[in-house]
Structure formats: structure tokens, C-alpha cells
Amino acid sequence: MSKKIGETMNRVFNFGAGPSAIPLEVLEEAQRELVDYKGEGLSVMEASHRSKMYDDIHTEAISMMRELYKIPDDYEVLLLQGGASLQFAMVPMNLSLGGKVQYVDSGSWSSKAIKEAKIQNLNFELVASSKETTYDRIPSNIEFDDDADYAYITSNNTIYGTGYKDYPTTKAPLVVDASSDIFSYPVDWSKIDLMFAGAQKNAGPSGLTIVIIKKELIDRVGESVPTILRYKTHADKNSLFHTPPTFGIYILNLILNWLKDNGGIEAIAQKNEAKAKLLYDAIDNSNGFYVGHAQKDSRSLMNVSYNIRNGGSENDAELEAKFVKEATEAGMIGLKGHRSIGGLRASIYNAMTMEGVQTLVDFMEQFQKENS
Ligand SMILES: *Cc1c(COP(=O)(O)O)cnc(C)c1O
């Protein structure tokens with residue numbers, strides 16, 4: 001049975017890791033404007049990316065992002081395609097100067113980024129890794145060299161459910177894959193030189209990629225890099241070098257307006273802390289029925305990865321499957337852990353409500369009573 005809102009709507013609580021929940025208010029506004037955007041007589045999807053109608057949306061999305069995320073003037077905001085995965089390739093193409101490039105391996109997505117850097121035959125160095133402990137933590141011994149061409153981290157590890165409490169400090173340009181925690185807490189831009197994110201976790205639908213890059217890095221790019229893969233190409237044309245993902249940018253703008261209406265990023269960060277605490281407390285107070293994957297000091301506020309051990313020392317895959325099935329029947333979807341580690345994962349991005357997390361926690365307590 002799914003949760004009923006109003007007479008006709010059947011909305012589930014979506015704990016999926018991505019694409020993931022979008023605030024209901026945003027979907028409803030998009031629905032109202034879908035066939036006739038503000039009396040223009042057409043949908044945003046149908047509008048030319050060179051039209052005034054679209055340009056206003058494009059401009060507002062970028063300026064809202066700058067305002068809410070407090071992005072300094074010496075950074076460029078780019079709205080691209082290709083997902084975070086294309087950034088794994090574009091970052092080295094644009095930032096490598098032939099010197100060393102340094103990476104932290106904190107999970108599957110950093111491993112994939114590392115693979116791309118290695119393909120490009122760069123002077124690659126692994127600075128720290130938590131692979132040995134099944135990526136259950138952010139490595140503690142991260143020391144980047146100040147003279148590296150760039151230093152690379154993944155701020156939130158979507159699959160293993162770990163996140164940095166504080167970004168490392170280095171004089172080398174710091175590149176941050178923030179695909180699964182962008183806009184979820186205020187960031188310190190003095191530490192960051194390039195941040196990128198696929199939009200589909202915390203910032204909109206899939207198909208849109210956000211890149212926030214310090215302007216001085218844009219000119220680094222070598223002449224052999226194809227035009228469309230240069231940050232400079234997109235920066236010079238205000239992300240209108242070619243057709244941008246217009247509808248995704250429109251939804252991003254609605255989400256940014258929703259964030260602003262709800263108190264901005266400081267307010268959502270507090271809400272995110274409270275949601276995560278509720279869920280981690282439920283895990284910690286279950287007497288070993290539920291066991292979190294991440295070490296406590298590395299816990300992600302966005303993706304909570306856990307197992308059912310039923311008081312034992314081994315994961316109980318059968319009970320986990322039963323949990324997912326019964327949760328789905330109760331209107332909570334997307335709780336199956338990633339295939340690489342199994343178990344359970346609740347993604348509680350900005351759009352997940354406190355009500356949704358409370359419903360999950362109540363379900364967890366009931367499930368434990370019935371199955372322990
Ligand atoms: C989802 C995800 C990616 C991959 O994003 P795509 O847009 O599918 O390429 C990369 N990094 C992180 C941290 C992610 O969560």
C-alpha cells in the first residue's frame with residue numbers, strides 16, 4: 001500500500017540513491033506549468049534555448065545557485081551534460097599540466113574516477129584509500145602535495161554511505177565530486193577549486209551536470225582537448241555553446257527556489273542532520289539487529305548503508321530481502337543496498353521529508369519486533 005496524498009495521488013517515500021526524490025512542491029509547480037509556461041503558450045521543453053523565455057530560466061538558475069551556495073565571483077558555474085562520469089574524464093583533460101595528479105580512493109565512484117585518470121596516462125598518485133576496510137570510512141591520513149596539478153576527493157560516497165566532515169586542506173587545486181551531497185550543507189569555497197555533480201541525486205533530474213570551477217583554472221586546457229570537452233568552451237558561452245539540458249535546468253531552478261523558500265542551505269543542513277540522527281539512532285539502538293556499514297565518524301548524512309545481522313556477526317541476506325519487500329509494500333521504495341555491498345541503503349537527500357524518515361524508523365522497529 002502506498003501513501004495517499006489527496007484523492008488521486010499515490011506517492012511513495014522514495015529512498016532511492018539516484019535518480020531520487022524531488023520535492024513534491026517542485027513537481028506540482030512543473031505540472032502546473034508543463035503545457036503553458038507562464039502564459040507563453042508552450043512548454044519549457046519546447047522553447048528555443050536562444051529564446052528570452054528560456055534565457056530567463058537559465059540566468060535565474062545560475063544566479064540562485066550563486067546566492068544560495070555562496071559561490072564567490074571568481075568561480076564560474078557551468079551547466080553541462082554527460083553526468084558526473086564525464087567529469088571523471090574532463091577533470092584530468094582540463095587540469096593536468098603534466099605534473100602529478102593525486103587522488104583519494106574512498107569508494108566505487110572515486111575508483112572509477114581513478115580509472116579514467118589512469119587511462120589518460122597521467123602521473124597518477126594514490127594518496128589514501130579505505131579499500132582495505134570495504135570503504136567503511138574516509139581515510140584519515142590524507143596528505144596532498146601542494147605542487148600537484150590537482151587533488152581529488154569524493155565528498156560523499158553514495159554506495160558505502162561515508163562522507164567527509166571537513167575537506168582536506170591543500171595548496172593544490174582541490175577537485176570535489178559532490179554528486180550526492182551538493183546543496184546539502186554550506187561549503188567552504190576557500191578549500192575548493194572545482195566541484196562537480198550529476199544533478200539527479202540532490203539537484204534535479206538526470207541529464208544535467210553542474211560544474212563550479214575557479215576561473216583561473218579554465219585557461220589551463222591543452223590544445224589537443226576536443227572543443228566540447230573544454231570547460232573554457234562552456235564558460236565563454238555561459239553554458240550555451242550548444243543546446244543545454246533545458247528542462248533539467250528549469251527543474252534545478254525550481255529546486256533552488258524551493259530551497260530558498262525553506263530557509264536556504266543552512267536550514268536544509270540542519271534538517272539533514274536531524275533526519276540522519278533519527279535513522280542512525282534507530283540503527284544504534286537496535287541491539288545489533290541493524291548494523292551500520294560506516295564507521296561512526298565517517299557517516300554520510302545523505303546515504304545510510306546498513307545491514308540486518310539480527311544480533312549475530314553475519315549479515316542476514318534473507319531477512320534483508322524480506323525487509324525490502326515489506327517496506328516496498330508499505331510504500332517505501334529504493335531501500336535495497338547497492339549490488340557491490342548488498343544490505344540496505346536509505347538515501348535521505350534534501351527532498352526526503354522528516355515524515356518519510358520517521359515512517360522508515362517506525363517500520364524498522366516493527367520489523368525488528370516481528371523478526372528478531
Ligand atoms: C551517482 C554518482 C556518480 C555518477 O553519476 P552519473 O551522473 O551517473 O555519471 C558519480 N559520483 C558520485 C559520488 C555519485 O553518487
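Because the structure is predicted, anything quoted here is derived from the model rather than measured. Atoms within each ligand, like the ligands themselves, are counted from 1 in listed order.
For ligand 1, the atoms closer than 4.0 angstrom to any heavy atom of Asn156 are 13 (C). Atoms of ligand 1 found under 4.0 Å from any heavy atom of Thr154, numbered from 1 in the order shown, are 13 (C). Residue contact check: Gly83 has heavy atoms under 4.0 Å from atoms 7 (O), 9 (O) of ligand 1.
Using a 4.0 Å cut-off between charged nitrogen and carboxylate oxygen, Asp147 and Lys100 count as a salt-bridge pair.
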- Message: Please determine whether ring-ring contact (aromatic ring centres under 6.0 Å, His included) holds for the pair His293 and Tyr306, giving the CA-CA distance in whole Å, both sets of side-chain angles, and the decisive distance to 0.1 Å.
- Response: CA-CA 5 Å; His293 177 73; Tyr306 58 113; over 10 Å; no
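Tyr54 has its ring centre no less than 6.0 Å from the ring centre of Tyr250. In summary, the aromatic rings of Tyr150 and Tyr103 are positioned with their centroids under 6.0 Å apart.
Side-chain atoms of Leu80 and Met90, non-hydrogen and from C-beta on, do get closer than 4.5 Å to each other. Contact annotation: the side chain of Thr246 never approaches that of His58 to less than 4.5 Å [non-hydrogen atoms, C-beta and beyond].
Figure legend: cation-pi geometry between Lys115 and Trp109 absent, as NZ or CZ is not positioned both under 6.0 Å from the six-membered ring centre and within 45° of its axis.
Within a 6.0 Å sphere centred on CG of Asn287, other residues, nucleotides and ligands contribute 12 heavy atoms or fewer.
Considering backbone and side-chain N/O of Ser85, one or more are found under 3.5 Å from N/O of ligand 1. Polar contact with ligand 1: present for Gln200 (N/O pair, distance under 3.5 Å).
Proximity of Thr209 to ligand 1 is not established, as no heavy-atom distance is less than 4.0 Å.
Counting heavy atoms under 4.0 Å from ligand 1, residue Phe88 touches it through the side chain alone.
Counting only heavy atoms of the protein, atom 2 (C) of ligand 1 lies nearest to Lys201 NZ, 2.4 Å. Considering only non-hydrogen protein atoms, atom 15 (O) of ligand 1 sits nearest to Thr158 OG1, 2.4 Å. The protein heavy atom nearest to atom 11 (N) of ligand 1 is Asp177 OD2, 2.7 Å.
Residue Ala84 holds the heavy atom nearest to atom 10 (C) of ligand 1 of all those in Gly198, Ala84, Ser20, Gly107.
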